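Report on one structure; see the data block that follows.
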Number of protein chains: 2
Amino acid sequence: MSDPLSTLPGYLLRRASAAALAGLNRRLAPLGLRHVDASLLLILHSMPGTTQSEAGRLLDIQRANMVPIVSRLEGRGLIDRQKVDGRSQGLHLSSKGEALCAEVREEIEAYELALLAGLPEDMRESAVAVLEAFWRAAEALNVEALSGEEG
Amino acid sequence: MSDPLSTLPGYLLRRASAAALAGLNRRLAPLGLRHVDASLLLILHSMPGTTQSEAGRLLDIQRANMVPIVSRLEGRGLIDRQKVDGRSQGLHLSSKGEALCAEVREEIEAYELALLAGLPEDMRESAVAVLEAFWRAAEALNVEALSGEEG
DNA sequence: TATTGTTATACTCTATAACTATA
DNA sequence: TATAGTTATAGAGTATAACAATA
């Protein structure tokens with residue numbers, strides 16, 4: 001780790017994220033899920049009736065790219081669609097979906113705990129807040145650049 | 001940000017990483033580079049003669065996937081190949097590559113500084129160490145799981 | 001007009017297997 | 001036997017444009 005990249009927060013974020021994602025996907029694979037599927041199940045558990053456009057905005061996934069995700073979960077009988085109005089469909093976990101979601105929550109909780117346990121003890125308390133701060137800071141730079149283009 | 005995912009370090013890593021990557025790619029686009037190209041230029045500046053297999057191991061990119069990256073940069077006259085032995089080729093920045101690398105370093109440094117400046121002041125000192133720790137912790141879980149499969 | 005769900009499409013990134021030449 | 005570079009290919013993930021139906 002003596003390369004010129006190892007001190008760059010952006011690079012470290014990317015590498016840490018990729019490593020964590022690989023670990024999480026490995027844990028979710030036995031349930032036949034990818035991390036994005038698991039995210040959607042968690043959202044629908046906490047916020048039943050969320051539409052797929054709303055979920056896409058939460059997860060920063062384009063409407064168009066939500067279609068195969070929702071179809072896949074619906075095809076497995078994990079979620080149902082319920083018309084909200086003529087164009088929107090609220091998504092809900094089926095009982096099968098709730099059962100699988102419980103397993104997902106166990107896996108994710110175990111993984112996140114293991115991840116935090118791997119940190120030096122004196123970082124554990126502040127670690128999540130640091131990640132939130134990085135997210136916020138990176139988003140802020142993007143919003144800034146975007147408004148700079150348009151205005 | 002009141003969804004059930006916002007407290008999960010793995011999720012936060014992914015979102016922060018994606019946001020930071022988007023910002024960095026936006027800054028590198030005028031130079032005609034992607035973040036991975038920039039990473040390779042930085043490596044070759046600091047460690048001239050690195051082979052593409054070595055660079056791939058550093059960046060966690062498969063040998064096979066290094067080929068189009070190196071070809072692209074060589075095609076633009078940014079890097080040269082010099083035979084080390086019959087099978088390995090050391091990669092070196094051309095003078096054009098060094099010049100572009102200097103611009104890359106400016107852009108990246110400016111971006112990383114802006115990112116850190118967006119953090120609450122009391123986090124700035126420890127922030128990079130926290131990311132390093134997450135990377136290490138996530139990698140450790142992957143190594144553990146891998147040896148568990150094989151052994 | 002703006003939004004939802006959808007289709008089609010293209011591009012990037014990543015993963016795997018196999019081949020040749022070399023060590 | 002292991003490694004370097006390469007080719008081909010398949011799978012994810014992501015981005016954009018366009019359309020019909022609806023608000």
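Every chain is numbered from 1 and lettered A, B, ... according to where its sequence line falls, protein lines coming before strand lines. Since the structure is predicted, the reported quantities are computational estimates derived from the model, not experimental observations.
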- request: For DNA chain D, find the residues of residues 10-20 of chain B with a heavy-atom distance under 4.0 Å and give them by number; none if there aren't any.
  value: B:Arg14
task: Give a yes or no answer on whether the side chain of A:Arg15 reaches the backbone of B:Trp135 with a donor-acceptor pair at less than 3.5 Å.
output: no
message: Nearest whole Å is fine: how far is C:dT14 C1' from B:Arg63 CZ?
response: 15 Å
field: Over 12 foreign heavy atoms within 6.0 Å of CZ, B:Arg105
entry: no
task: Select one nucleotide: of C:dC13, C:dT16, C:dG5, the one nearest the side-chain heavy atoms of A:Ser53.
output: C:dG5
statement: From CG of B:Leu59 across to P of C:dT14 the rounded distance in Å is 10 Å
statement: Comparing nearest nucleotides in DNA chain D, the 5'-proximal residue of the pair B:Val67, A:Asp60 is B:Val67
- prompt: Just how far, in rounded Å, is P of C:dA15 from CD1 of B:Ile69?
  reply: 12 Å
message: Reading DNA chain D from 5' onward, which residue's closest nucleotide shows up sooner: A:Asp85 or B:Ser88?
response: B:Ser88
message: Any heavy-atom pair between the side chains of B:Val70 and B:Gln89 that's under 4.5 Å?
response: no
field: Within-4.5 Å side-chain heavy-atom neighbours: B:Thr51 and B:Leu91
entry: no
query: What are the 5'-most and 3'-most nucleotides of DNA chain D lying under 4.0 Å from any heavy atom of chain A?
result: D:dA12 to D:dA23
- prompt: In whole Å, what is the span from the CG atom of B:Leu24 to the P atom of C:dC13?
  reply: 12 Å
query: Got B:Asp3 and A:Ser46 here, is their nearest side-chain heavy-atom distance under 4.5 Å?
result: no
task: Starting from P on C:dT6, measure out to CE on A:Met66 and report it in whole angstrom.
output: 11 Å
message: Using heavy-atom distances to pick each residue's nearest nucleotide on DNA chain C, tell me which of B:Arg72 and B:Gly86 is more 5'.
response: B:Arg72
For atom CG of A:Asn25 and atom C1' of C:dA15, their distance in whole Å: 13 Å
query: Hey, is the side chain of A:Arg87 pairing donor to acceptor with the base of C:dT3 inside 3.5 Å?
result: yes
message: In whole Å, I'd like the distance from the CZ atom of A:Arg57 to the C1' atom of C:dA2.
response: 12 Å
Beyond-backbone contact of B:Ser71 with B:Val67, side-chain heavy atoms, under 4.5 angstrom: yes
message: Expressed as a whole number of angstroms, how long is the span from B:Leu28:CG to C:dT12:C1'?
response: 15 Å
- request: Go through the steps to decide whether A:Tyr11 and B:Leu59 satisfy the test side chain to side chain contact (heavy atoms under 4.5 Å, CB included), and finish with yes or no.
  value: CA-CA 10 Å; A:Tyr11 179 73; B:Leu59 297 169; 3.8 Å; yes
query: If we only count heavy atoms from C-beta on, is the A:Leu8 to A:Leu5 side-chain gap below 4.5 Å?
result: yes
message: Are the side chains of A:Arg81 and A:Glu74 in contact, using a 4.5 Å heavy-atom criterion?
response: yes
